[in-house]
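I have placed the structure first, in the form of structure tokens, so that the comments after it can refer back to it.
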Number of protein chains: 2
Amino acid sequence: MNLKELATKLGLSPTTVSRALNDYPEVNEVTRQRVKAAAKRHNYHPNARAIRLATGRAMAIGHVIPLATRHEIVNPVFADFIAGAGEVYSRNDHDMVLSVVPDDEEDAAYRALRSKGNVDGVIVHGPRMEDHRIALLHEIGLPFVVHGRASGVTLPYPWVDVNNRRAFHRATDFLLDLGHRRIALVNGLEFMDFAMRRRGGYVEALTARGLPPDPALMDSNEMTEVSGYRAAKRMLASPTPPTAFLASSMISGMGIRRALEEHGLKLGRDISIIIHDDDLSYMKNGEDVPIFTATRSSVREAGRIAADMLLGLIAHPQEVPPTRLLEADLVIGQSTGPAPLAV
Amino acid sequence: MNLKELATKLGLSPTTVSRALNDYPEVNEVTRQRVKAAAKRHNYHPNARAIRLATGRAMAIGHVIPLATRHEIVNPVFADFIAGAGEVYSRNDHDMVLSVVPDDEEDAAYRALRSKGNVDGVIVHGPRMEDHRIALLHEIGLPFVVHGRASGVTLPYPWVDVNNRRAFHRATDFLLDLGHRRIALVNGLEFMDFAMRRRGGYVEALTARGLPPDPALMDSNEMTEVSGYRAAKRMLASPTPPTAFLASSMISGMGIRRALEEHGLKLGRDISIIIHDDDLSYMKNGEDVPIFTATRSSVREAGRIAADMLLGLIAHPQEVPPTRLLEADLVIGQSTGPAPLAV
DNA sequence: ATGTGCGCCCAAAACGGTTTCAATCGGATG
DNA sequence: CATCCGATTGAAACCGTTTTGGGCGCACAT
């Protein structure tokens, strides 16, 4: 059942039927109702491929997921971000198209999306410092929103980000207020912009209290259970081990906890942990009571906001790119306590 | 730059240019080279929307992700499955389109995908017992492959699944051989087909040794850290606690471990755990040495296989649907040991 | 010389919608 | 009564490909 068939069945022209269904004002209200009823009755759904060709719009948003050939890490927060963004797309009759490409083909993927025209815009994931994708997308003229920011990029661009710096500053302050002085940072890879900012907040808080940051207490790695475990193991083996950990993710936090347990250290009494909690649906930080004290910010909500922003940008291009900075909550759980008196 | 422009620039008809680029035999080899060179030089990429309309194929595969309105669990294995499938799609010039829809609109989403024609086929995720989606897809004539199986569905249908029953049978046997007699099962939700099969394997192994399954040792819940923790807490509070746990996922396993630690039980000595490990890229079960003894099967590889199967099915429809049963490895880690002598 | 067949290419018709431009009609205006 | 206008509708062009159905020229067999 296509438009032409429906039109003849109604004794109308395809033009009128199309206009009736798309709520154009110039069609008689009676006709419109008749058309809509017939469309429903005959279960007519306009062919998406034809619409896209005719309108020149893809009605789709792209997400390029680079598949790192070496470490092959699929970002764990990705699923939740996608879920949030996807909700918004569905509500607005847009498709979400994911391109999984080897990371050395990422630029080509953006160019292809643009020139083949199968998306109207893209979300940029996991920005790095000086991320070159922003300039690329500007150049090829593909609307986009960055999830995160890219320090060092001078062009203005639209983004949605968590205030990572402030979150980690607060978390560090919280530990300092509890008397901790040797606070370890188990961070993500620091060429990632968010990780750099977190480190910035941590260092800032320490130096504000006259404490020089200790390189031996700073780890930067992929945010996996194992690397959290290893970092903690290494630091705990030191003659002057930390009394508190600041971890970049729930998963690293679990690795740290495993290391602590092997050392017979009781969480919240002998040693403290604060994590950053992306509020992942499959990895809740406890239900009623949080497992870890945490800085929390829902990545799913970030997905919704970014998707909304991008659709808005496509519909009404702005001269000055919109931005949105989300603040993380500090939730107090059972993983933090006063610093033990002796080292 | 579109086909027509390229054609006039070459002094050829669009027909010939199209044929040259698509490697039709009836075009002169010299002409073909000339066309291809020009296409590359002018950076010509055929418009995907036009191709789709003209060919009637969407060159895209759909994945419908129901967004449970109540518990809102985004399946943690989903990201890795998608990554695997996405690799295959990219290699075959297909798009992957994700539809995130409220779960009561899932059927409508499949119908819409079909009638609007924006995908050529779909992957069905998370099949349940008697899953009605299989009949639905048959009815509307949309090619599909199920990731998992649906017991009780009599229609033949294509699927890719892990041998969950055998995996859990083997794991249970392994624990029995170590002398464990009170083995707990911390399972996923048992209306899910995979969970049912796992329970089947577990019960089978127990009864084969004359041990009646104890309902108090069987938990069925969402596979989160918290629910693993709770199940373990509850069971450990019993006067006759288990000496071993069988967990449906890495994440539940971590929750169980947290409970054990609170009870001061040493993993691998006082108590054993075997998990099922989907080999998620962001949640490796250790690197050199496994954290948990586990039944392991890469969900990412399953994604690749399912995608391949679906593309094949679309290109060459089969009368008898292909199926693929993957066997899980049993990898021995440090979380298992002989049953303690006293209860 | 006359078909015949093949190699190569093109004009035009799809594909299924949207959009531009024009037409019709009844009623209001002057 | 002629004209103009707003309300409706339709014919046809268009979006950018693929595909159908020739067409032309040349070699080869008859």
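Just so it is clear: chains get the letters A, B, ... in the order the sequence lines come, proteins before strands, and each one is counted from 1.
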Exercise for the section: Decide if atom CZ of A/R32 counts as having more than 12 heavy atoms of other residues, nucleotides or ligands within a radius under 6.0 Å. Expected result: yes
Exercise for the section: Walk me through it: do B/H147 and B/F81 pass the test ring-ring contact (aromatic ring centres under 6.0 Å, His included)? Expected result: CA-CA 9 Å; B/H147 177 212; B/F81 184 91; 4.3 Å; yes
Handout entry: Close side-chain approach of B/F144 and B/I314, heavy atoms under 4.5 Å
Key = no
Listed pairs under 3.5 Å, donor-acceptor, residues 113-121 of chain A side chains, sequence neighbours left out:
from, atom 1, to, atom 2, distance (Å)
A/R114, NH1, A/G141, O, 2.3
A/S115, OG, A/R111, O, 2.9
A/N118, ND2, B/D95, OD2, 3.3
A/D120, OD1, A/A58, N, 2.8
A/D120, OD2, A/A58, N, 3.3
A/D120, OD2, A/M59, N, 2.7

Exercise for the section: Using the heavy-atom set of chain B and a strict 4.0 Å cut-off, write down the first and last nucleotide of DNA chain C that makes it in, 5' to 3'. Expected result: C/dC8 to C/dG16
Exercise for the section: Please list residues of residues 28-45 of chain A whose heavy atoms come under 4.0 Å from any atom in DNA chain C, ordered by number; otherwise none. Expected result: A/Y44
Problem - Check: A/R133 main-chain N/O paired with A/D131 side-chain donor or acceptor under 3.5 Å - result: yes
Practice task
Could you check how far CG of A/L12 sits from P of D/dA11, rounded to whole Å?
Solution key: 11 Å
Problem - Pairwise side-chain contact, B/M309 with B/V145, heavy-atom cut-off 4.5 Å (strictly under) - result: yes
Handout entry: Heavy-atom side-chain proximity of B/T323 to B/Y157 below 4.5 angstrom
Key = no
Handout entry: Counterpart residues, side-chain hydrogen bond (donor to acceptor under 3.5 Å, both in side chains), relative to B/Q33 (two or more places apart)
Key = B/E29
Problem - Exceeds 12 heavy-atom contacts within 6.0 angstrom, atom CZ of A/R91 - result: yes
Exercise for the section: Provide, to the nearest angstrom, the distance between the CZ atom belonging to B/R57 and the C1' atom belonging to D/dT19. Expected result: 14 Å
Completion exercise
B/L53 atom CG is separated from D/dG16 atom C1', nearest whole Å, by 9 Å
Practice task
Could you tell me whether A/G11 contacts a base, only the sugar-phosphate backbone, or nothing, with contacts defined as non-hydrogen atoms closer than 4.0 Å?
Solution key: sugar-phosphate
Completion exercise
Terminal axes of the helix from C/dA1-D/dT30 to C/dG30-D/dC1 (5 end pairs apiece), angle rounded to 10 degrees, sit apart by 70°
Exercise for the section: Look at A/Y24 and D/dT9 and indicate whether a side-chain polar atom (N or O) is within less than 4.0 Å of OP1 or OP2. Expected result: no
Exercise for the section: Take atom CG of A/N118 and atom C1' of D/dG16, then tell me their distance rounded to the nearest Å. Expected result: 14 Å
Practice task
Assign A/I51 to base, sugar-phosphate, or nothing according to its heavy-atom contacts below 4.0 angstrom with the strands shown.
Solution key: sugar-phosphate
Practice task
Side-chain contact test, heavy atoms from C-beta onward, threshold under 4.5 Å: evaluate it for B/V35 versus B/L12 and give yes or no.
Solution key: yes
Problem - Distance in angstrom units between B/M1 CE and D/dG16 C1', rounded - result: 14 Å
Any protein N or O atoms within reach of nucleotides 20-23 of chain D? Criterion: under 3.5 Å, listing atom names and distances.
from, atom 1, to, atom 2, distance (Å)
D/dT20, O4, B/R19, NH2, 2.8
D/dG21, O6, B/R19, NH2, 3.1

Fill in the blank from the handout: When A/T55 and A/S13 are each assigned the nearest nucleotide of DNA chain D, the 5'-most assignment goes to A/S13
Completion exercise
Note: B/I140 and B/Y110 closest approach over all heavy atoms is CD1-O, 3.8 Å
Practice task
Indicate yes or no: at least one non-hydrogen side-chain atom of A/V97 is less than 4.5 angstrom from one of B/M96.
Solution key: no
Handout entry: Atom pair NE2 (B/H132) and CG (B/L137), whose distance is rounded to the nearest 0.5 Å
Key = 9.0 Å
Completion exercise
Result for side chain to side chain contact (heavy atoms under 4.5 Å, CB included) between A/D308 and one of A/V88, A/L313, A/V160 points to A/V88
Completion exercise
Of B/P14 and A/N22, the one whose nearest nucleotide on DNA chain C sits closer to the 5' end is B/P14
Problem - Euclidean distance, atom CG of residue B/L21 to atom P of D/dT19 [Å, nearest integer] - result: 13 Å
